[in-house]
Amino acid sequence: MRSIVILISGRGSNMEAIVRAAQTEQWPAKIAAVISNRVDAGGLSFAAARGIPTAVVSNKDYADRTQFDAALRREIDRFSPDLVVLAGFMRILTAPFVQHYAGRMLNIHPSLLPSFTGLATHLQALTMGVKVHGATVHFVTADLDHGPIVLQEVVPVTDDDTVRSLEEKVLALEHQMYPRAVRWFVEGRLVIEEGRVYQRAVTALDVDFSG
Ligand code: GAR
């Protein structure tokens with residue numbers, strides 16, 4: 001049974017989608033904890049209501065990124081995760097933190113990377129006049145919003161799209177694709193070679209259904 005820790009900063013709708021998929025599809029994995037850097041993150045109550053341990057490590061309590069990341073790492077590692085999932089976790093992470101979880105930390109970003117890193121990705125897409133937009137699931141590296149790409153999906157950008165409508169379209173896509181990518185990891189399908197992610201065929205014997 002794989003153990004997953006999910007990090008959120010706000011609403012947590014992607015975390016919700018993953019929790020629901022893990023339960024309904026009976027993944028050989030458990031969501032060991034949901035951790036937020038903000039005490040007011042809406043997603044914490046959803047997790048708590050599902051009986052998932054929650055914790056807050058507030059960045060406001062630490063003098064700098066190094067100290068915050070060290071505290072966050074201590075909290076995460078209490079749950080010995082096989083995988084750390086960033087689900088709307090809006091913090092820039094230090095290189096030692098990222099290195100500690102190398103190959104076992106995923107992020108979702110609301111754009112087709114490497115286009116439109118950072119914030120306001122939907123506004124960036126509209127401003128550039130792109131005709132397709134989308135979302136990317138990738139392994140996290142020290143390079144912000146970069147790292148080996150697991151999955152990308154697209155939505156068309158239409159003439160009447162606004163930041164809001166585009167955000168809604170992309171978020172609906174994220175809720176489909178992030179659980180799928182996390183499941184691939186849990187099933188041991190993902191292989192990273194020279195910065196590219198490949199999927200290997202998996203037999204039932206590869207999937208650990210033990211407790
Ligand atoms: C999602 O759109 C996610 O892709 C984005 O924040 C939103 C969180 O929503 N993440 C980033 O921009 C990371 N760079 P949620 O809290 O409802 O899952």
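Whatever order the structure lists ligands and atoms in, that order sets their numbers, starting from 1.
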**Q.** Donor-acceptor contact present, side-chain Lys30 to main-chain Ala22, <3.5 Å
**A.** no
Q: Check whether the side chains of Asn37 and Ser9 place a donor and an acceptor atom closer than 3.5 Å, and report yes or no.
A: yes
Q | Numbered atoms of ligand 1 (with element) below 4.0 Å of Asp145, judged on heavy atoms | A | 14 (N)
Q: Measure the distance from atom 12 (O) of ligand 1 to every protein heavy atom, then report the residue, atom name and distance (to 0.1 Å) of the closest one.
A: Pro110 CD, 3.3 Å
Q. For atom 10 (N) of ligand 1, what's the nearest protein heavy atom and its distance?
A. Ile108 O, 3.7 Å
Q) How long is the span from the CZ atom in Phe46 to the OG atom in Ser13, to the nearest 0.5 Å? A) 10.5 Å
Q: For the residue pair Asp77 and Tyr101, confirm or rule out a side-chain donor-acceptor distance under 3.5 Å.
A: yes
Q.
Tell me the contacting part of Val170 for ligand 1: side chain, backbone, both, or neither, using a 4.0 Å heavy-atom threshold, strictly below.
A. neither
Q. What about His122 and His133, are their ring centers closer than 6.0 Å?
A. yes
Q. If you count the atoms of ligand 1 from 1 in the order shown, which ones are under 4.0 Å from a heavy atom of Glu174?
A. 1 (C), 2 (O), 3 (C), 4 (O)
Q) Does Glu16 come within less than 4.0 Å of Arg50, counting only side-chain N to carboxylate O? A) no
(Q) Given Gly12, Gly10, Gly88, identify the one with the heavy atom nearest to atom 16 (O) of ligand 1. (A) Gly12
Q.
Need the ligand 1 atom indices (1-based, order shown) with element for anything under 4.0 Å from a heavy-atom of Met90.
A. 11 (C), 12 (O), 13 (C)
(Q) Return the closest protein heavy atom for atom 15 (P) of ligand 1 as residue, atom name and distance. (A) Ser13 N, 3.4 Å
Q) For atom 9 (O) of ligand 1, which candidate among Glu16, His122, Arg11, Arg91 holds the nearest heavy atom? A) Arg11
(Q) Can you check which of His109, Met15, His175 brings a heavy atom nearest to atom 14 (N) of ligand 1? (A) His109
Q. What part of Glu167, side chain from CB on, backbone N/CA/C/O, both or neither, has a heavy atom under 4.0 Å from ligand 1?
A. neither
**Q.** Distance in Å, Arg2 CZ paired with Arg183 CZ, rounded so as to fall on 0.5 Å steps
**A.** 13.5 Å
Q. When you check the gap from the basic side-chain N to the acidic O, do Arg91 and Asp69 get nearer than 4.0 Å?
A. no
